[in-house]
Amino acid sequence: MASLSLRGIYKKYPGGVVAVSDFTLDIKDKEFIILVGPSGCGKSTTLRMIAGLEEITEGELYIGDKLVNDVAPKDRDIAMVFQNYALYPHMTVFDNMAFGLKLRKTPKDEIKKRVEEAARILDISHLLDRKPKALSGGQRQRVALGRAIVREPQVFLLDEPLSNLDAKLRAQMRTELSKLHQKLGTTFVYVTHDQTEAMTMGTRIVVMKDGFIQQVDTPTKLYEYPTNIFVAGFIGSPQMNFIETLVKEVDGKIGLEFGTEDTKTRRGKKYLIELPESKVKGTEIKNYIGKTVVLGVRPENLNDEEMFLSAATTGVLDCNVEVTEMMGAETYLYLNCEGVALTARVSPRTTARAGDVIKIGIDVNRIHVFDKDTERVIIN
């Protein structure tokens, strides 16, 4: 098995297009690393450079201790699983899985042993005589994985392998892939734009945007301690709520103010959300007094329960309910508060309905604050 090391990797195309910039990452042996980000962020290009299918413009790529920049893909001891499976339609499942081994002149009995073992792991032993057209999407995906497994590579590269499957099968295959990783004990590098896949499968996640790494961390730390507005908004579903607020100091305490109030017509309202001392301590928030910052709060940290509201000393907002979505185990409320759109994830027992005006409490111990200009985090 092997570790991977990418050091200052760049991919530049003719015409000055830079797809990947200064990508530096050390991937430990047996790690399950996920590259995630919106379309066009450079994640698939990075994977293809690891595979050798794209040339590295600048930087160094090591697999184990070996520099592989100029090593041909077939000699890198990696196996890649593509989005479209890339199975040979005229071959049986057995022959599709065995094809790479036959090219390497592997003995027949060894091929049979490896294919049967991989088929057993993936629960496709009963499909070995079938052709791809007789298989479902999930079965084809397993065959593509099987073809990679029989190679016994040092590194598995997977490029959005679940994107062609329906939602139920995708959830099932996520579990299967996690089990497979534990069983094989091999390094996995997995590309997806689906942050649910990233959060549920990866030991570490690399969040990318415009060819740059934004943050590398465990799923929990990415969720709880995002480094900037992009990561905070990209990770989590529904996404984090963002409110532009003014930093104020009142009676020695720091608060965030938003809303509009017309004193003549008495329309509108201003809210001052007081920050707990535990959030302020050790941060630069005092340098922002009188300036605009972005308050971030996740939907599950907006609460409509009476017990929470009666105990809250700050951060209680009057909101218009615009839409409710009953999701079974939870309900999403789409709200408007002084012209700011908010999403709350609340208990399915909520009585709020479209058209209601309700009180919503912010859990001030779980908020995030970002610099409006640099978008970097100030408070997590």
Side-chain angles (χ1 to χ4, degrees), residues 1-4 27-34 47 51 63 73-74 76-192 194 197 200-203:
M1 303 312 156
S3 57
L4 277 171
I27 301 171
K28 299 187 197 85
D29 185 23
K30 300 181 183 176
E31 204 170 3
F32 198 139
I33 279 276
I34 304 224
L47 198 76
I63 296 179
K74 67 183 177 64
R76 291 193 181 194
D77 203 6
I78 50 101
M80 190 154 175
V81 179
F82 295 92
Q83 185 177 350
N84 62 359
Y85 318 141
L87 301 176
Y88 296 109
H90 62 288
M91 290 185 187
T92 63
V93 167
F94 183 96
D95 289 335
N96 262 290
M97 288 170 67
F99 188 69
L101 298 178
K102 285 177 183 171
L103 289 180
R104 283 175 171 71
K105 306 281 193 293
T106 308
K108 275 189 177 178
D109 56 343
E110 178 67 12
I111 290 175
K112 188 170 187 291
K113 184 179 137 208
R114 286 205 208 171
V115 170
E116 285 175 354
E117 174 62 11
R120 187 187 61 75
I121 289 170
L122 294 163
D123 195 23
I124 52 173
S125 301
H126 59 295
L127 304 174
L128 290 174
D129 295 329
R130 290 194 197 173
K131 299 239 176 109
K133 68 179 178 185
L135 305 178
S136 68
Q139 289 168 336
R140 286 179 202 176
Q141 183 59 72
R142 286 166 194 263
V143 176
L145 284 166
R147 187 176 52 192
I149 290 168
V150 296
R151 296 256 313 278
E152 297 178 356
Q154 293 191 77
V155 182
F156 275 91
L157 307 178
L158 301 102
D159 191 5
E160 304 209 20
L162 308 185
S163 59
N164 291 338
L165 305 179
D166 64 59
K168 187 180 176 189
L169 198 50
R170 210 158 49 228
Q172 188 185 327
M173 284 303 292
R174 280 204 304 267
T175 312
E176 295 296 328
L177 278 170
S178 296
K179 283 186 197 163
L180 186 63
H181 173 251
Q182 289 163 15
K183 220 177 259 183
L184 298 176
T186 314
T187 309
F188 274 43
V189 185
Y190 186 106
V191 158
T192 182
D194 183 332
E197 276 177 34
T200 52
M201 291 162 66
T203 45

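Note that the structure is predicted; figures quoted are calculated from it, not measured. Position 1 is the first residue of the sequence; numbering continues from there.
Put simply, the side chain of Glu176 reaches to within 4.5 Å of the side chain of Lys179, judged on heavy atoms. Proximity of Pro132 to Asn96: side-chain heavy atoms (C-beta onward) are separated by under 4.5 Å at one or more points. Contact of the Ile149 side chain with the Thr186 side chain is not registered, since no non-hydrogen atoms from C-beta on lie closer than 4.5 Å. Side-chain atoms of Val81 and Gln141, non-hydrogen and from C-beta on, do get closer than 4.5 Å to each other. Side chains of Thr192 and Leu162 form no contact here, defined as non-hydrogen atoms less than 4.5 Å apart. The side-chain heavy atoms of Glu197 and Ile34, taken from C-beta on, include no pair separated by under 4.5 Å.
Not one N or O on the side chain of Arg120 forms a donor-acceptor pair closer than 3.5 Å with the backbone of Ser125. Panel note: side chain His90, backbone Lys131; no donor-acceptor pair is recorded below 3.5 Å. Counting only distance, with no hydrogens or angles, the side chain of Thr187 and the backbone of Ser3 share no donor-acceptor pair below 3.5 Å. Side chain of Asp159 to main chain of Val191: no donor-acceptor pair is present (N/O by atom type, distance under 3.5 Å, no hydrogens or angles).
When all heavy atoms of Ala51 and Ile78 are compared, the pair lying nearest together is CA-CD1, 3.8 Å. Looking at every heavy atom in both residues, Arg142 comes nearest to Gln172 through NH2-NE2, 3.5 Å. For the residue pair Ile121 and Leu184, the shortest heavy atom distance occurs at CD1-CD2, 4.4 Å. Residues Ala118 and Gly146 approach most closely at CB-O, 4.2 Å, considering heavy atoms.
Using a cutoff of 4.0 Å between basic side-chain nitrogens and carboxylate oxygens, Lys113 and Glu117 are not scored as salt-bridged.
Note: Phe32 and Tyr190 have tilted aromatic rings, judged against thresholds of 30 and 60 degrees for the angle between ring planes.
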task = Could you give me the CA-CA distance, side-chain angles and deciding distance for Glu110 and Arg114, then say whether salt bridge (charged side-chain N to carboxylate O under 4.0 Å, His left out) is met?
result = CA-CA 6 Å; Glu110 178 67 12; Arg114 286 205 208 171; 2.9 Å; yes

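Residue pairs meeting the side chain to side chain donor-acceptor pair (under 3.5 Å) criterion with at least one member in residues 79-89, sequence neighbours excluded, are Gln83-Ser163.
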